[in-house]
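Taking it in order: structure first as structure tokens, then the write-up.
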Amino acid sequence: MKKLFLLLFLGAISTSLFAQKGLNEVSVGAEIGLPTGTASNALNIGLGGTAKGLYGVSTDGQVSFTTGYIRYGMDGAESGVSAGMSVIPIMPGYRHHFDKLYAEGQLGLVVVKSTFNYLGYSGSASTTDASIGIGGGYLYNNFDFSLRYQTYGTGFGTLGLRVGYKFSI
């Protein structure tokens with residue numbers, strides 16, 4: 001399934017590179033991440049911000065690049081544990097517009113850092129994982145409202161809700 005997604009993604013980008021040029025934009029937004037699966041048992045809602053560059057490759061298509069920072073807290077204050085996880089996405093993708101609606105696929109990397117503190121003992125770990133994201137959104141004037149499902153690591157997934165403001169460049 002991942003190979004099929006990659007082939008479709010690369011095919012869409014390669015055919016769009018030779019088409020008429022579209023809009024170039026930058027979008028800055030606030031993001032809420034809702035952990036799914038077993039991660040939702042330990043992690044709280046994530047909050048953060050993302051920036052997205054959009055390079056127009058046709059009148060309906062844009063190559064995208066998303067990065068940012070999202071921080072997830074962890075329950076455990078009653079047992080003296082404080083822990084959390086932060087995620088930095090590095091996600092190229094392709095966005096296809098259907099008037100004010102759009103669909104977007106992304107394939108990239110995420111840098112994940114976990115921290116903990118228990119009875120004065122603290123530690124952290126960092127890893128970089130492959131990631132796949134798929135979603136869509138709605139454009140209203142310069143506002144960008146989107147919903148995305150992203151998976152990375154060993155089955156960790158999030159449902160991301162984003163509100164962005166876009167600027168033409």
Side-chain angles (χ1 to χ4, degrees), residues 1-37 39-40 43 45-72 85-113 127-169:
M1 182 66 173
K2 289 181 183 180
K3 288 181 183 178
L4 176 62
F5 180 76
L6 177 61
L7 287 174
L8 290 173
F9 173 75
L10 292 175
I13 288 176
S14 64
T15 57
S16 297
L17 290 176
F18 302 105
Q20 179 182 354
K21 188 171 176 164
L23 290 175
N24 297 329
E25 300 170 315
V26 172
S27 174
V28 178
E31 188 153 341
I32 297 173
L34 306 168
T36 61
S40 65
L43 295 174
I45 292 174
L47 299 173
T50 54
K52 184 178 292 244
L54 299 158
Y55 177 75
V57 292
S58 72
T59 55
D60 294 328
Q62 293 173 304
V63 173
S64 66
F65 179 79
T66 305
T67 191
Y69 180 85
I70 303 165
R71 173 81 178 152
Y72 296 88
M85 183 178 83
S86 60
V87 176
I88 299 172
I90 304 166
M91 301 291 294
Y94 177 77
R95 177 185 283 191
H96 194 83
H97 294 270
F98 305 94
D99 196 25
K100 292 187 180 283
L101 296 174
Y102 65 84
E104 183 174 11
Q106 298 175 311
L107 180 64
L109 301 171
V110 291
V111 178
V112 180
K113 183 175 183 181
T127 185
T128 302
D129 293 316
S131 180
I132 295 175
I134 189 163
Y138 177 75
L139 301 170
Y140 179 75
N141 292 330
N142 286 343
F143 289 96
D144 181 353
F145 303 93
S146 64
L147 177 66
R148 175 189 77 256
Y149 180 75
Q150 186 170 347
T151 183
Y152 46 89
T154 53
F156 183 80
T158 60
L159 186 63
L161 305 167
R162 182 177 187 272
V163 176
Y165 189 81
K166 63 185 181 80
F167 306 90
S168 293
I169 54 172

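Annotation: I45, atom CD1; neighbour count of heavy atoms from other residues, nucleotides and ligands within 6.0 Å does not exceed 12.
For the pair H97 and L139, the minimum side-chain heavy-atom distance is below 4.5 Å. Annotation: side chain of F156 is in contact with side chain of M85 (closest heavy-atom distance under 4.5 Å). At a threshold of 4.5 Å between non-hydrogen side-chain atoms, the residues L23 and L54 do not count as touching. Side-chain contact check for Q106 versus P89: every heavy-atom pair is 4.5 Å or farther apart. F65 is listed as a side-chain neighbour of I90, based on a closest heavy-atom distance under 4.5 Å. Two residues are said to be in side-chain contact when any heavy atoms from C-beta on lie closer than 4.5 Å; I32 and L47 meet this criterion.
A salt bridge links E31 and R148; the closest N-O separation between the charged side-chain nitrogens and carboxylate oxygens is under 4.0 Å.
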Next item on the list: Report the C-alpha distance between E104 and M91 in whole Å, list the side-chain angles of each, state the deciding distance to 0.1 Å, and finish with yes or no for side chain to side chain contact (heavy atoms under 4.5 Å, CB included).
Entry: CA-CA 11 Å; E104 183 174 11; M91 301 291 294; over 6 Å; no
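One N or O on the side chain of N24 and one on the backbone of G56 form a donor-acceptor pair closer than 3.5 Å. At distances below 3.5 Å, at least one donor-acceptor pair connects side-chain atoms of S131 with backbone N or O atoms of T151.
Rounding to the nearest 0.5 Å gives a distance of 9.0 Å between CD of Q62 and OH of Y94.
Relative orientation of the Y140 and Y138 rings is parallel, given thresholds of 30° and 60° on the angle between their planes.
Of the residues listed (T36, T158, L34, I132), the one engaging Y149 in a side chain to side chain contact (heavy atoms under 4.5 Å, CB included) is T36, and it is the only one.
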